[in-house]
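For reference, the structure discussed in these notes is given below.
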Amino acid sequence: MSIYNPKEIEQKWQKRWKEDGLYEAKDFAKDKKKFYHLVMFPYPSGDLHIGHWYNFVGADVAARKKMRDGFNVMSPIGFDAFGLPAENAAIKRGIHPKTWTYSNMETMRGQLRTTGTMFDWSREVVTCDPEYYKWTQWMFLKMYERGLAYRKKAPANWCPKDQTVLANEQVVDGKCERCGTEVVQKEINQWLFKITEYADRLLSDLEKLDWPEQTKTMQKNWIGRSEGAIIKFKVKSEKLKVKEEFIEVFTTRADTLFGATYLVLAPEHAMISHLKSRILNLSDVKEYIENAKRKTELERLSEDKDKTGVELKGVKVVNPANGEEIPVWISDYVLGSYGTGAIMAVPAHDERDYDFAKRYGLQIKEVIIPASHYADPRGTETQIHAELLSEAFIEDGILTDSEKFNGVTSEKAREEIVKWLEVKGLAKKKVQYKLRDWLISRQRYWGVPIPIIHCEHCGIVPVKESDLPVELPEVENYLPKEGQSPLARSEEFVNAKCPQCGQNAKRETDTMDTFVCSSWYFFRYADPKNEKEFANKKNLDYWMKPAGVDLYVGGAEHTVLHLLYSRFFTKVLYDAGLSPVDEPFGKMRHQGIILGPDGQKMSKSKGNVVDPDELVRDFGADAVRMYLLFMGPYELGGPWNPRGLVGIRRFLDRVWKISTNYKLQTTNSNLEILRNKTIKKVTEDIEDLKFHTAIASMMEYLNEMEKQESINKIDIETIIHLLSPFAPHFAEEIWQEIWKNKQSVFKEPWPVFDPKKIQEENISIAVQFNGKTRGMLNAARGVSQSEIEDLISRDEKLKKYLIGGPKKVIFIKDKLVNFVI
RNA sequence: GCCCAGGUGGUGAAAUUGGUAAACACGCAAGCUUCAGGAGCUUGUGGAAGCAAUUCCUUGGAGGUUCAAAUCCUCUCCUGGGCACCA
C-alpha cells in the first residue's frame, strides 16, 4: 500500500500534462463543441496570492468539468503587464520597469503551475510585449478613424512642487504621496474615448447578458440614463443693449420649476469668468474657486453636511416660469462634469438644495404637495407651508403655487411645462447620462505610447499602420516631466517626421490607460501569434460565436470599469466589422474576496497575508484547491481559517486509502441510490459554481462507503471521477498510476446518473401539531393521508396530541402532515 | 449621504426555494491506539432543565402575513463592499 504524497505526484503530473499538451485548445476542432473559458488575467505584482488561487482554482474546476463533458475547452492565461507599480519600483529601487515586470511574471508563471490549473500556456498574452501592444495601438487608430478618440483639456491631479501629474492612488489626504505638497487640479490636454456615444447600447444590451444582477444594476447606475430637460435662465442685465445671455440647467424635475429660488453653478463653470465684470464680490468668488480646485472630485462629494458656496453678487437670473429674479450661487456640490454644470435649486423638493438653502437662508418655496394632502382641486390653498417643512418633499405629487399648472400631477407637469417653454425657446427635452467619456491619457512611462504625431503644418496626424508598433524608448528618469510623460525626456522618441508632409514633427508622449490593454485581450487569445491582424476572422468566429466568452470568472472589483470598457471595445469592433459579436462575455460570475484570518483585507502592512506556497508545501496543491472551495459559497469569499485545511487533507487521505487498498465486492453496491444522488449533486453544483456543497456531498458519499463491509469498485471509481476537477493530480495518479488506465482521466467521460435511481423508497414524514414538529414517521413513498392518520392514531407518542380532534389537517405528500388543533 | 450585499451553534457553513433548522467540515470532550505527538480511529457535541423518556428556547432585534417563516412583508439595529451629493 502506498502513501499519499502530494508533493511528488503533483510535480510529476504538472510536468506530464505540459509535455502531453493536454490542455492546449485546438482551433476548429471538428468533433467537439468549443468552450471559451476565461479568467481575468493577473497583474504581475510579484507573487501569486491566495486571492489569485481562489479565482483561478474555482474557474478551473468548472473548466475541467467542461473538458470531461467532451468540450474543446480553451482556458488561456496571460499578464496585464503595464501599470504604475512597475514605475514605482523603478523610481524607488532603480530597477527598469521592464526588468521588474518580466521577472515578476517569471516567478508567477512558476507559481501558477503549482495551482494545477489547466491553463493553455501556448496562448499566453503579455500586454507589454510590443507584439501585443502593436495591436493596442492599432485599436487606438481604429477609434481615431471612427471619430471616437479625441483630445481636450481635462483636469488631472497636479503636484505643484514635483511638477508632476499624480494618479488618484498617489494622492493621500489631498497631498502628494512623495513630498506632501497639497495637490491641485490642473487642466491639461488629454486624449479621451467617446464611450458616451455607446451609452444607450451599453445600457440596453445588459439585458441579453447572463451576469449577476448586482453587476448589471451597478453598470446601469454607472451609465445612469435619466430623462429630463434643459431649461434656460436668462441672465438679468442692467444694460439693455447687451446681447441676451442664458444659463442652461439640466433637470429631471421640470415640474418643480416654479419652486426654483436660486441657481447654482459649478466652480469651473465657464459663465463665471464671462460674468466677471458684473460680480461685485469677485475676490470672494475667486477664493472659493481656488479652494475648490484643491479638492479632488471624491473629496468634494464626500463632504456630507457642510455644503459651502458663495453668491455671485450683482448677478441675477430670471426664472422662465414666473419671471421672478433669483440669485446665482457657486458651490462645489455641483459638478462641472455632469449635465450643464449648473442646476436650478428647488430647496423645497430636493434634499441637497434644502440643506444649502437652510445654511445660507435662501428662500424655500413649496410647489408640490403630496397627493394625500391635496384638498382644494384648484390648488389655491397650500396644505403644508414651506417654512414648516422640516425636510424636502422629494416625491411626486400635485402642483401648487404654479400658476396655470396648479392641480396638475408631477408626471404630467414635467411634460407640459417643458412643452410650454419650448415654444418660447426656453426649454427642450434631454436624455442625460452620468457616464463620461473615457480619459485614456496617462503622463507615465510604463504604458502603450499613443500612436499620434503632432505636426506644425498638418496638426494631429495618426502614425501609419505599417509603422506600428511605436516602441517605448529607453529613458533614464521615470518621473513625469513638467506635466508631460517621461517619454518627453527622450529626444530620439519625440522627434519624428510627419507621416503626411514629411517635415519635422513631435510625437505624442502620453501613454494609454492600462484598461485599454485589457479591453480587448480576450480577442487576442483566439489567435495570439498572428502578426498580420489582431486576430483572424475565422478564429474569432470559432471562439467568440455565438455569445462571446462562454464563462468569464473574476473579481467583483471590476463590475464597472474593466467590464464596461471591454463591452465598449467589443461594440466598436463589431460596428467596424471586426468582431463577430457585440458583447464580449455572455456569461460571467464573480468570486468573493479571501480576507486575512483577522477578517481584514490582506495586506503586507497588516501582516495578515496568507502564503499559498507554504500551504502547498504542507498539504499539497489539491488540498489547498479543495479547501479554498470548501470554505463557503464561491461568490462570497471570507476570512481565511488556517485550521480547516486538515479536514480536506484527511478526506483525501481516506479516499487514497480505499482507492489503493480496497476489497472488491462482486455483488451490487448498496449505495446505488446515494451514488446516483451524489453524481447529480456534484454535476449540478459545479455548473452553478457551488463547489462547497459539491465537496460536502462527496464527503457524505465517502462516509457511507466506509460504513459498508466491503466496497464496490463502481463507488470508488465514481468518487475519483467526481473528485477529478477538484483534485486533478490526485485523481490522475489513482486513475493512471494506481489503476493502470491508459489515458488521462480528463479524457474520460463524466459519470452520468440515472434519474430513476435517485429516489429512496422509504421516506420519513414530519408530524406537526399546530406547526410544531412532534415526531417523524417512516413510510413508503406515496403514502396517503388516511394511511398516515391511521399510523398516528396507533403511535403511542403521537396519538396523545390528537385528543379533542383536529380542526384542520394539512397534508403535503411525502413530506409532512400538520394537524391544527 | 446614496447604492449593493450580508447577519443562522465556539468557527466556516447547509437548508430540496414557504414544509424535520444546523447537512458537511473545523474546533472541543471522552475513550482506544501510539515510546511520544499538533498523527490515526470510535463516540458525543445548538442552549437551558432532567438519571431518563421528555419539555422549553433558538436563524441580529421588534412587529406582521400563514396551518407552517432562516426563507415573504413593514420598521429597526449592526457588518462588509461600492460611490460620481448626478440635479
Side-chain angles (χ1 to χ4, degrees), chain A residues 212-215 217-218 220-222 224-226 228 249-254 256 260 264 296-298 300-305 307 331-335 337-346 349-353 355-356 394 432-436 556-557 559-560 592-593 595 599-601 626-627 630-633 635-648 650-651 653-654 657 681 690 692-703 706 764-777 797 806-812 814-821:
Chain A
E213 278 308 313
Q214 309 103 275
T215 307
T217 307
M218 278 180 82
K220 241 176 246 169
N221 293 343
W222 190 270
R225 182 193 152 96
S226 57
V249 304
F250 174 73
T251 180
T252 55
R253 292 296 303 271
T256 65
V264 189
T296 62
E297 197 165 88
L298 246 156
R300 276 170 63 170
L301 301 169
S302 60
E303 278 172 322
D304 300 345
K305 283 154 206 161
K307 290 178 179 53
S331 171
D332 59 14
Y333 83 92
V334 174
L335 299 177
S337 54
Y338 182 74
T340 61
I343 61 158
M344 63 178 210
V346 187
H349 305 293
D350 182 279
E351 280 167 5
R352 290 148 299 160
D353 298 346
D355 291 345
F356 193 81
I394 57 168
Q432 182 69 46
Y433 297 93
K434 278 200 272 179
L435 184 70
R436 302 172 200 159
E557 67 270 23
T559 43
V560 182
I593 301 165
L595 304 171
Q600 300 290 305
K601 239 183 184 168
M626 280 186 81
Y627 179 60
F630 183 60
M631 288 199 323
E635 70 281 3
L636 227 63
W640 174 260
N641 180 350
R643 288 191 297 198
L645 199 40
V646 294
I648 291 290
R650 273 178 207 156
F651 169 73
D653 280 333
R654 283 157 62 205
K657 217 176 195 173
K681 178 79 180 153
K690 289 190 205 158
H692 60 313
T693 46
I695 294 170
S697 75
M698 287 190 278
M699 288 173 166
E700 283 179 72
Y701 185 31
L702 177 71
N703 290 347
E706 287 181 334
S764 60
I765 286 180
V767 182
Q768 298 185 335
F769 297 90
N770 291 334
K772 283 199 169 176
T773 306
R774 295 293 178 182
M776 304 300 298
L777 280 178
K797 283 181 205 158
K807 270 192 219 147
K808 193 175 167 189
V809 184
I810 282 109
F811 178 72
I812 310 289
D814 294 339
K815 277 198 178 139
L816 65 76
V817 59
N818 184 15
F819 297 93
V820 186
I821 311 283

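A, B, ... follow the sequence lines: proteins, then strands. Residue 1 opens every chain.
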Exercise for review: Determine: side-chain N/O of R650(A) to OP1/OP2 of C24(B), distance under 4.0 Å, yes or no.
Suggested key: no

Exercise for review: Look at the aromatic rings of F356(A) and Y333(A) and report parallel, tilted or perpendicular, splitting at 30° and 60°.
Suggested key: tilted

Exercise for review: Output the single nucleotide from A87(B), C83(B), A23(B) whose closest atom is nearest the side chain of T252(A).
Suggested key: A87(B)

Exercise for review: From the options A15(B), A87(B), C26(B), select the nucleotide whose nearest atom is closest to the side chain of D350(A).
Suggested key: A87(B)

Check your understanding: N641(A) has an atom CG; how far is it from atom P of C24(B), in whole Å?
Key -> 19 Å

Check your understanding: From A87(B), C67(B), C24(B), pick the nucleotide closest to the side chain of Y338(A)?
Key -> A87(B)

Check your understanding: Does any nucleotide pair with G44(B) by Watson-Crick or G-U wobble geometry, both distances under 3.5 Å, and what is it?
Key -> C28(B)

Exercise for review: Look at all strands and tell whether N221(A) reaches a base, only sugar-phosphate, or nothing, counting heavy atoms closer than 4.0 Å.
Suggested key: sugar-phosphate

Exercise for review: Name the nucleic acid region contacted by S697(A), choosing base, sugar-phosphate or nothing; use a 4.0 angstrom heavy-atom cut-off, strictly under.
Suggested key: nothing

Practice item. Between C67(B), G40(B), A25(B), spot the one nearest the side chain of M699(A), thanks. Key: A25(B)

Exercise for review: For D353(A), answer base if it contacts any base atom (sugar-phosphate contacts may also be present), sugar-phosphate if it contacts only those atoms, and nothing otherwise; contact means non-hydrogen atoms under 4.0 Å.
Suggested key: nothing

Review point. Of the nucleotides C67(B), A13(B), C86(B), which has the atom closest to the N818(A) side chain?
Key: C67(B)

Revision key, fill the gap. Between M699(A) and I648(A) the two heavy atoms that sit nearest each other are CE-CD1, 3.8 Å

Practice item. Give the nucleotide from the list G19(B), A84(B), G12(B) with an atom nearest to the side chain of R436(A). Key: A84(B)

Exercise for review: Report yes if at least one side-chain N or O of H692(A) is closer than 4.0 Å to OP1 or OP2 of A25(B); otherwise report no.
Suggested key: no

Point to revise | Nucleotide paired to A36(B) in any strand shown, Watson-Crick or G-U, under 3.5 Å | key: none

Exercise for review: Look at the side chain of K434(A) and decide which nucleotide, out of G40(B), C86(B), C24(B), has an atom nearest to it.
Suggested key: C86(B)

Practice item. Scan A766(A) against the nucleic acid and name what it touches under 4.0 Å (heavy atoms): base, sugar-phosphate only, or nothing. Key: sugar-phosphate

